[in-house]
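Throughout, residue positions are numbered sequentially from 1 according to the sequence presented. As the structure is a computational prediction, the values presented were derived from the model and not from experiment. When a ligand or atom number is given, it counts from 1 through the structure's own listing order.
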Amino acid sequence: MAASREKFGRMGVILALAGSAIGLGNIWRFPYMVGEYGGAAFIIVYLAFAFLISLPAFLAESLIGRKAGKSTYDALESLAPGTKWKWLGLLAVLGAFIITSYYSVVGGWSLDFLARSVVRGFDSANPEGAAAVFDRMTASTIEPLLAHALFLGFSCMIIVLGVKKGIDRFSKVCIPLLFVLIVAMMLFSLSLPGSKDGLDYLLKPDFSKLTPRGVACALGQSFFSMSIGMGVVLTYSSYMKKQQKILSTSVLTLIFDIFFAVISGFVVMPAVFSAGLRPEAGPSLVFESIPYIFARMGAASPLLGRVMAIGFFLTILIAAITSEISMIESCVSMLMERLHWGRKKATWVIFCAALLLGCWCSLRSNVFSFCDFVSSNVFMMLGALAFTVFAGWKMERSALKAEFTNNGRLKLSSALFGGFYFLLKYLVPPAILVIFFTNLL
Ligand code: PHE
C-alpha cells in the first residue's frame, strides 16, 4: 500500500544516495582510470559526462521513482500500465542482484584485510611478499567465503531494519565518518616523501592517452559510480518525500561522489608512488600495493603503519556496505511489492541467493569477471537506457515537469527544466548507445 510506504528524512535520502554512489568504484577504479587515460584530460571528460549525461540519467531514474512511489518493476507498470516497460525494470533489478553478489565478495576481502590490520598488521619486506598475502587469502577456500557471508549478512541486517531505522540511520552515521576518514588519509598520503610523482600521474593532462576506449570508460565509470541503471536510484527515490527538491538532491549526490573519487586518487596514488610501486587496476592495487605501503610505514613506526592500515580498510569497508545495502534494497523492495512478502522474508531470499552466486564468484575468477562484465556493460547500460527513454519519450512532458519542479513551486528547477529535458531526450540515449557498443566490441 502506497500510503504506508516508509519515507527517508531530507538529509537521510541525500546521504543514502551518496552512500550508494560512493563505493569501491571510487576508491579503486577511478584513481587508476585517471592515471591510465591521461590525468587531468580524463578528469575533464569525466566531469563533462557527469554533468551532461549522468546527472540527467540519474534525475530521470529519480523522477520515475518518486512519481510512482513504488519499486522498479511496479513503478514502470503503474506509470505505463499494460506495457512491456516493466520487464526492462526487472532486468535492471537483476543487474543489481548480480552486482550485489560479487560486490559482497570484494566487501568480504576488505573485511578480511581490516581484521588483518587489527590483529597483526602487514609485515612484508618487499612488494611481492605483500601481494602474496592477498593471493593466498583468495586462493584459500574457506576464508574469503566466510568473509563474504559476514559482509552480506551484516548488510542484510541493516536492510531488515527498514528504510528509516536501517538505511537512513546507518547512512547518517557512516557518510560523515567516511569523509573524515578519507580526508585524513589524504593529508597523510600527501605528506609522504615522493608523493609528488603520484600527483603528477593523476593531474598532468596528457590528451594523447585519452583514447576512444578511455572516453567510453569515463562514461561507464560515471554510471557505475552514480549507481545508475540498476533501479537503486529509483527505489531510494520512491522513499523520498514529495517536498524534497530532486534537482538539488541529485546535484549534491553527484558532487559528493566526484569529491570522494578525486580525494581517493589523492590518497592512493601518492602512496603508491612514494613506495616506488606502479599503479595497477582493481583489486591488486588496493589489496596488494597498499598493504605493502603500510608494511613499510610500519617498519619505521609500527603504530603509524597499523593505524593507517586500519583507517584505510575501514574506509573501504564502510563505503562498500553503504553501496551494497542500496543494491539489496532494490531487490528486496521489488520482491516485497510484487510477491507481497514481508521485509524479513524478502531479505532472507536475497541473502541466500546472493550468498550462493557470490560463493561461485569467489571460487571461480572467470565467473567473477563475467558477472562484473555483464552487469556493468550490459544490464547497467540497458537499464539506464530504459529509464531515460521512458522518462524522456514515454512520460508526458508536463507530468515529468510537475515532478521535477514540485508542481511548479521550485523556481530554479522550473527555469532549468527545459535544458534538462533537452539533454534527456536528445543527448543521453544516443550517448548510452555509443558507449554500449564501444564496450561490447
Ligand atoms: N556506485 C557504487 C560504487 O561506486 C557501485 C554501485 C553500482 C552501487 C550500482 C549500486 C548500484 O562502487
Salt bridge (Lys or Arg N to Asp or Glu O under 4.0 Å) assessment of E329 paired with R343: CA-CA 10 Å; E329 180 63 23; R343 181 167 277 277; 2.9 Å; yes
Verdict with reasoning, R66 to N406, per side-chain contact (heavy atoms from CB on, under 4.5 Å): CA-CA 11 Å; R66 190 178 66 171; N406 293 1; 2.7 Å; yes
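Closest to atom 4 (O) of ligand 1 by heavy atom, among G19, A21, S323, A92, is A21. Closest heavy-atom approach to atom 7 (C) of ligand 1 within the set Y236, F224, Y103: this belongs to F224.
Here the heavy atom of the protein found nearest to atom 8 (C) of ligand 1 is S227 OG, 3.4 Å.
At under 3.5 Å, not a single nitrogen or oxygen of I99, backbone or side chain, sits near a nitrogen or oxygen of ligand 1. An N or O contact shorter than 3.5 Å is missing between S326 and ligand 1 by distance. At a 3.5 angstrom cut-off on N or O pairs, M380 does not count as close to ligand 1.
Between N26 and S264, the side chains place no donor N or O within less than 3.5 Å of an acceptor N or O (distance only, hydrogens not considered).
Between S62 and S237, the shortest heavy-atom contact is OG-OG, 2.8 Å.
For ligand 1 and S20, the ligand atoms under 4.0 Å from any heavy atom of the residue are 1 (N), 2 (C), 8 (C), 10 (C). For ligand 1 and G25, the ligand atoms under 4.0 Å from any heavy atom of the residue are 3 (C), 4 (O), 12 (O). Counting the atoms of ligand 1 from 1 in the order shown, those under 4.0 Å from a heavy atom of L24 are 12 (O).
Judged by distance alone, with hydrogens and angles left aside, the side-chain atoms of E143 form no donor-acceptor pair with the main-chain N or O of M137 at under 3.5 Å. Of the possible donor and acceptor atoms, one in the side chain of Y421 sits under 3.5 Å from a partner among the backbone N and O of G392.
Not close to ligand 1: A96, with no non-hydrogen atom less than 4.0 angstrom away.
One finds a salt bridge joining R5 and E337 here, because a Lys/Arg side-chain nitrogen approaches an Asp/Glu carboxylate oxygen to under 4.0 Å.
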